[in-house]
Amino acid sequence: VQLVESGGGLVQTGDALRLSCAASKGTFSIDTMGWYRQAPGSQRDLVATISPGGSTNYADSVKGRFTISRDNAKNTVYLQMNSLTPEDTAVYFCNARIYYSPSTSTRFNYWGQGTQVTVSS
């Protein structure tokens, strides 16, 4: 399973960016997908997650500014980021929890390579 992210870049405070993450297709199904971020010297933190049915969960720091969505037919998850601030500067990682059989609760975590988002003041 490969996750390929795109959409990062350098923007100014108040700008918007949209991240995309496409998972390869194969003999598996995708459960929850999400975005995490890691700033220099910090741990990797949750940004947002979305279930296959569209239920979402956000970190308090991004509520009202970021929107996560997914296209199940394309195995793709998106993160629309508005009103960006320098505190949003980080490497953003896509995550997908994969399962190979609906009869098991076992899930496998896969990560993308990360995409840099830099917000200048």
Side-chain angles (χ1 to χ4, degrees):
V1 179
Q2 290 186 319
L3 302 178
V4 179
E5 298 139 338
S6 60
L10 172 63
V11 297
Q12 295 184 331
T13 296
D15 285 351
L17 274 178
R18 188 191 195 209
L19 305 182
S20 299
C21 172
S24 57
K25 294 200 173 184
T27 55
F28 58 85
S29 298
I30 304 178
D31 196 341
T32 301
M33 302 185 80
W35 290 94
Y36 293 73
R37 66 187 181 185
Q38 187 168 18
S42 299
Q43 64 183 18
R44 189 174 297 188
D45 293 324
L46 167 75
V47 176
T49 62
I50 185 168
S51 71
S55 295
T56 58
N57 178 51
Y58 294 93
D60 288 343
S61 60
V62 306
K63 284 180 180 177
R65 299 187 299 123
F66 291 11
T67 302
I68 189 170
S69 60
R70 66 190 283 175
D71 184 330
N72 292 328
K74 296 182 178 179
N75 280 4
T76 300
V77 63
Y78 306 95
L79 185 68
Q80 177 65 44
M81 304 185 293
N82 297 330
S83 302
L84 286 162
T85 74
E87 288 67 38
D88 297 314
T89 296
V91 178
Y92 284 70
F93 295 90
C94 172
N95 172 266
R97 290 173 58 78
I98 306 293
Y99 61 98
Y100 294 93
S101 170
S103 63
T104 178
S105 60
T106 301
R107 300 292 185 264
F108 299 90
N109 258 332
Y110 288 89
W111 294 92
Q113 79 285 358
T115 185
Q116 178 71 46
V117 172
T118 302
V119 185
S120 64
S121 56

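One side chain, Asn72 or Arg70, offers a donor N or O that lies under 3.5 Å from an acceptor on the other. There is a side-chain donor-acceptor pair under 3.5 Å between Arg37 and Tyr92.
In the displayed structure, Gln2 atom CD is contacted under 6.0 Å by at most 12 heavy atoms of other residues, nucleotides or ligands. Heavy-atom contacts from other residues, nucleotides or ligands closer than 6.0 Å to NZ of Lys25 number more than 12.
To the nearest 0.5 Å, the span separating CD on Gln38 from CD on Gln43 amounts to 8.5 Å. Here Trp35 contributes atom CH2 and Leu46 contributes atom CG; the two are 13.0 Å apart, rounded to the nearest 0.5 Å. Going from atom CG of Asp71 over to atom OG1 of Thr76 covers 6.0 Å, rounded to the nearest 0.5 Å. One finds the OG atom of Ser120 at 8.0 Å from the CG atom of Asp15 (value rounded to the nearest 0.5 Å). Atom CZ of Arg65 is separated from atom CG of Asp88 by 4.0 Å, given to the nearest 0.5 angstrom. Atom-to-atom distance recorded for Glu5:CD and Cys21:SG is 5.0 Å, nearest 0.5 angstrom.
Remark: of the listed residues Leu17, Leu19, Thr67, Leu19 is the sole one forming a side chain to side chain contact (heavy atoms under 4.5 Å, CB included) with Leu79. The only member of Phe28, Tyr99, Tyr100 that meets ring pair (Phe, Tyr, Trp, His ring centres under 6.0 Å) when paired with Phe108 is Tyr100.
Judged by distance alone, with hydrogens and angles left aside, the side-chain atoms of Thr13 form no donor-acceptor pair with the main-chain N or O of Thr85 at under 3.5 Å.
Considering all non-hydrogen atoms of both residues, Arg97 and Asn109 come closest at CG-OD1, 3.1 Å.
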